[in-house]
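See structure below.
Sequence lines set the chain letters: A, B, ... in the order given, protein chains first and strands last, and positions in each chain run from 1. Quick caveat, the model's predicted, so the values are computed rather than measured.
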Amino acid sequence: MLAKVVGTSPREVADRVVTALEGLAPRHVARVEVAGPGFVNFFLAPTWLHEIVGAVVTAGRDYGRGDLYDGLKVNLEFVSANPTGPLHAGGGRWVAVGDAIANLLAAQGAHVHREYYLNDAGTQLDVFTASLMARYRGEEPPEHGYQGGYLMEFADTMRAELGDHVTDAAAADWGESAVVAQLRDDLSRIGVYFDTWFSERTLHARGDVDEILEALRAAGHTYEQDGAEWFASEALGDHRDRVLVRSNGTTTYLANDLAYHRDKIRRGWVHLIDIWGADHHGQVKSLQVGMRALGVGTETAPEPEIILGQLVKLERGGEVVKLSKRAGTVITLTDILDDVDPDVARLTFLLQSIDTAMTFDLDVVTAQSMENPVYYVQYAHARCASIARRATEAGIVRGPLADVDLSLLVHERELELLRALAEYPEMLRHAAELRAPHRVSTWMRDFAARFHGFYRDCRVMTDDAPLTQARLWLAEATRVGLANALAILGVTAPDVMERLEEDEPDDAQ
RNA sequence: GCGCCCGUAGCUCAGCUGGAUAGAGCAGUGGACUUCUAAUCCGCCGGUCGGAGGUUCGAGUCCUCCCGGGCGCGCCA
């Protein structure tokens with residue numbers, strides 16, 4: 001850039017910069033050189049890296065935290081699958097991604113509220129209730145009803161709890177609470193908890209939807225056509241106008257959703273974030289434009305941020321499985337958790353960018369479960385913990401950091417480890433900004449790889465007492481780094497892992 | 001037709017918002033356990049970054065067009 005201004009080649013500019021800097025090198029800078037087409041390389045002495053160890057172990061769990069969103073009240077809505085049955089496996093992506101994004105934002109100082117929207121007032125739920133009642137009466141579900149076998153279990157349980165004379169209304173309530181209980185249960189198995197389960201019915205009962213409609217009418221954003229009431233959203237930037245009230249008098253999903261988001265703002269949340277599947281991307285504008293029409297979208301209350309994630313294609317043994325909850329042919333999140341460790345499931349969903357469509361083959365994931373990168377990282381953590389244990393057993397006590405000579409850490413493996421550790425806070429902030437938890441996964445795998453290399457080439461406990469001290473602290477700093485990254489992703493950080501047994505030829509069949 | 005996402009090694013994917021010789025895992029192949037746990041490490045093999053233009057000192061990264069794939073484009077949610 002300078003070259004253009006100065007009117008000479010970048011290389012020449014670089015030369016001049018370096019000459020000018022001669023003798024001015026600040027602390028930690030060992031030397032300055034020109035390289036390539038015009039790069040000025042500042043060679044840092046390892047001393048700056050050594051200070052990382054202290055920074056990490058002093059901060060501990062807080063190492064990497066930033067203040068990018070200090071004090072921001074964030075309402076993060078994710079999953080929000082219809083309460084008509086168990087979560088399907090593809091939904092696991094939003095479970096893992098949503099929770100990790102919540103952690104990322106919280107690590108930047110945000111006050112994050114995890115919210116699940118229960119879409120419990122529409123036709124889907126009526127169909128669900130009708131299907132439940134059919135099973136309850138010992139009949140087949142309606143033609144377009146929910147065929148899943150879980151409804152038969154629900155019907156039996158409902159009979160046991162409510163008796164033989166259950167009304168439709170009672171079944172609707174009982175059914176929803178049964179499904180929600182199951183959802184909570186599935187989510188707890190993977191370690192995700194929501195602060196609020198918000199029922200759409202609340203909005204209707206309180207008249208919130210009517211209030212939204214009144215506001216839009218008053219602002220002149222609505223009109224009648226074909227017996228329905230429309231939102232003139234195209235004029236505000238939407239792709240087309242949208243129906244708010246159907247000709248049969250019922251309100252649309254959009255009208256209800258506007259009321260819902262308005263409620264989140266009223267409850268005090270300043271920044272609203274929704275995580276949606278890419279199949280809903282067509283509605284992003286409607287919601288944002290609608291909220292702006294309602295006065296949300298000012299400096300104090302930005303319009304809702306919608307994070308779109310590409311869908312998960314489910315397969316089993318190479319065969320595509322249709323995502324039909326009604327047909328009852330889904331692979332559920334529970335199916336996955338029955339076969340693989342929750343940590344494996346989580347990281348599987350967090351390995352790649354949410355912008356890429358992923359294929360989830362239950363058979364493949366199960367078969368390759370033991371090769372999942374999660375164990376590679378957890379093993380690094382366990383090794384760090386193991387070193388500390390062995391040191392204790394050998395009577396070696398980690399001395400006060402101030403007394404330890406960290407400048408003894410000069411091996412390339414040690415410096416690589418320190419460099420990665422130093423980059424952690426910046427990476428974390430960037431991942432939060434981009435809502436990209438996979439960046440943490442990528443960093444973490446790379447960091448673990450560096451540790452495994454260090455472990456192999458640099459023995460921690462040796463006869464060299466000062467070096468042993470320095471390396472014990474480095475191993476502890478590494479453990480903290482791994483533990484913190486794992487925590488962001490919602491994966492456990494074990495102190496002990498059993499050594500795998502040798503592969504036995506399996507010819508039992 | 002229009003909108004969003006993707007196209008990088010045989011496969012699955014990274015690539016830090018434009019920098020130096022494009023990386024990792026898996027697969028393949030060859031090595032390393034008397035030593036803090038081998039769920040580990042080291043080597044080799046493997047690339048027209050879908051294609052063509054453009055901007056730039058410099059493009060996998062930005063712009064335009066084209067090709068290919070996914071998802072949308074309801075008074076469904």
May I ask you to say what [X] touches in the nucleic acid, namely base, sugar-phosphate or nothing, with a heavy-atom cut-off under 4.0 Å?
{"X": "A/Asp446", "result": "nothing"}
{"X": "A/Arg413", "result": "sugar-phosphate"}
{"X": "A/Ala228", "result": "base"}
{"X": "A/Arg242", "result": "nothing"}
{"X": "A/His280", "result": "base"}
{"X": "A/Gln368", "result": "nothing"}
{"X": "A/Glu426", "result": "nothing"}
{"X": "A/Met427", "result": "nothing"}
{"X": "A/Ser353", "result": "sugar-phosphate"}
{"X": "A/Val496", "result": "base"}
{"X": "A/Thr356", "result": "sugar-phosphate"}
{"X": "A/Arg390", "result": "sugar-phosphate"}
{"X": "A/Cys384", "result": "nothing"}
{"X": "A/Tyr253", "result": "base"}

Using whole Å, report how far [atom1] of [X] lies from [atom2] of [N].
{"X": "A/Met358", "N": "B/rA14", "atom1": "CE", "atom2": "P", "result": "10 Å"}
{"X": "A/Leu314", "N": "B/rC71", "atom1": "CG", "atom2": "P", "result": "13 Å"}
{"X": "A/Arg450", "N": "B/rC42", "atom1": "CZ", "atom2": "P", "result": "12 Å"}
{"X": "A/Asp457", "N": "B/rC36", "atom1": "CG", "atom2": "C1'", "result": "14 Å"}
{"X": "A/Glu234", "N": "B/rC2", "atom1": "CD", "atom2": "C1'", "result": "12 Å"}
{"X": "A/Ile387", "N": "B/rC36", "atom1": "CD1", "atom2": "C1'", "result": "6 Å"}
{"X": "A/Leu244", "N": "B/rG74", "atom1": "CG", "atom2": "P", "result": "16 Å"}
{"X": "A/Phe451", "N": "B/rU40", "atom1": "CZ", "atom2": "P", "result": "13 Å"}

Write down the distance separating the [atom1] atoms in [N] and [M], rounded off to the nearest Å.
{"N": "B/rG28", "M": "B/rC11", "atom1": "C1'", "value": "12 Å"}
{"N": "B/rU8", "M": "B/rG50", "atom1": "P", "value": "6 Å"}
{"N": "B/rU29", "M": "B/rC62", "atom1": "C1'", "value": "41 Å"}
{"N": "B/rG54", "M": "B/rA24", "atom1": "P", "value": "33 Å"}
{"N": "B/rC73", "M": "B/rC26", "atom1": "C1'", "value": "39 Å"}
{"N": "B/rC49", "M": "B/rG60", "atom1": "C1'", "value": "5 Å"}
{"N": "B/rC6", "M": "B/rG15", "atom1": "P", "value": "11 Å"}
{"N": "B/rU12", "M": "B/rA52", "atom1": "C1'", "value": "29 Å"}

Next on the checklist: Pick the closest RNA chain B nucleotide for A/Met461 and for A/Arg445 by heavy atoms, then say which residue is nearer the 5' end.
Outcome noted: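 So the residue in question is A/Arg445.
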
- 5′-ward residue of the pair A/Met497/A/Leu351 relative to RNA chain B: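 Nearest nucleotide further toward 5': that of A/Leu351.
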
So, OP1 or OP2 of [N]: does either fall under 4.0 Å of a side-chain N or O from [X]?
{"X": "A/His281", "N": "B/rC73", "result": "no"}
{"X": "A/Gln310", "N": "B/rG70", "result": "no"}
{"X": "A/Tyr376", "N": "B/rC41", "result": "yes"}
{"X": "A/Arg246", "N": "B/rG74", "result": "no"}
{"X": "A/Arg383", "N": "B/rA38", "result": "yes"}

Under a 4.0 Å N-O cut-off, is there an ion pair linking A/Glu412 with A/Arg419?
->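 Judged by the 4.0 Å cut-off on N to carboxylate O distance, A/Glu412 and A/Arg419 do form a salt bridge.
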
* SB check A/Asp173 A/Arg201 (cutoff 4.0 Å) ->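 Result for this pair is yes, salt bridge flagged.
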
Out of [options], whichever nucleotide has its closest atom nearest the side chain of [X]:
{"X": "A/Arg240", "options": "B/rC73, B/rC26, B/rC4", "answer": "B/rC73"}
{"X": "A/Thr123", "options": "B/rU12, B/rA39, B/rC76", "answer": "B/rC76"}
{"X": "A/Leu434", "options": "B/rC75, B/rU17, B/rU40", "answer": "B/rU17"}
{"X": "A/Arg439", "options": "B/rU12, B/rC75, B/rC16", "answer": "B/rC16"}
{"X": "A/His452", "options": "B/rC5, B/rC41, B/rC76", "answer": "B/rC41"}
{"X": "A/Tyr375", "options": "B/rA39, B/rC75, B/rA14", "answer": "B/rA39"}
{"X": "A/Arg459", "options": "B/rC71, B/rG15, B/rU35", "answer": "B/rU35"}

| query | Can you tell me if A/Arg65 uses its side chain to pair, donor with acceptor, with the backbone of A/Gln108 under 3.5 Å? | reply |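 Absent.
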
Between the side chain of A/Arg93 and the main-chain N/O of A/Gln310, is any donor-acceptor distance below 3.5 Å?
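It does hold such a pair.
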
Which way is the base of B/rC33 turned, syn or anti, if we draw the line at 90° from 0?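 Classified syn.
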
Polar contact flag, side-chain donor to acceptor under 3.5 angstrom, A/Ser369-A/Asp339: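 There is no such pair between these side chains.
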
Should the pair [X] and [Y] be assigned to parallel (<30°), tilted (30 to 60°) or perpendicular (>60°) ring geometry?
{"X": "A/Phe231", "Y": "A/His221", "result": "perpendicular"}
{"X": "A/Tyr116", "Y": "A/Trp197", "result": "parallel"}
{"X": "A/Phe451", "Y": "A/Phe454", "result": "tilted"}
{"X": "A/Tyr253", "Y": "A/Tyr117", "result": "perpendicular"}

Base B/rC36 to side chain A/Ser386, donor-acceptor N/O within 3.5 Å cut-off: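 Flag unset: no donor-acceptor pair detected.
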
* Could one point to a donor on the side chain of A/Arg456 or the base of B/rA32 with an acceptor on the other under 3.5 Å away? ->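 Answer yes: a donor N or O sits under 3.5 Å from an acceptor.
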
G-U wobble or Watson-Crick pairing nucleotide for B/rC45 (cut-off 3.5 Å, both distances):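 Its partner: none found.
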
Exercise for review: Evaluate the ring pair (Phe, Tyr, Trp, His ring centres under 6.0 Å) criterion for residues A/His452 and A/Tyr376: first the C-alpha distance (whole Å), next the side-chain angles of each, then the deciding distance (0.1 Å), finally the verdict.
Suggested key: CA-CA 9 Å; A/His452 284 307; A/Tyr376 182 81; 4.7 Å; yes

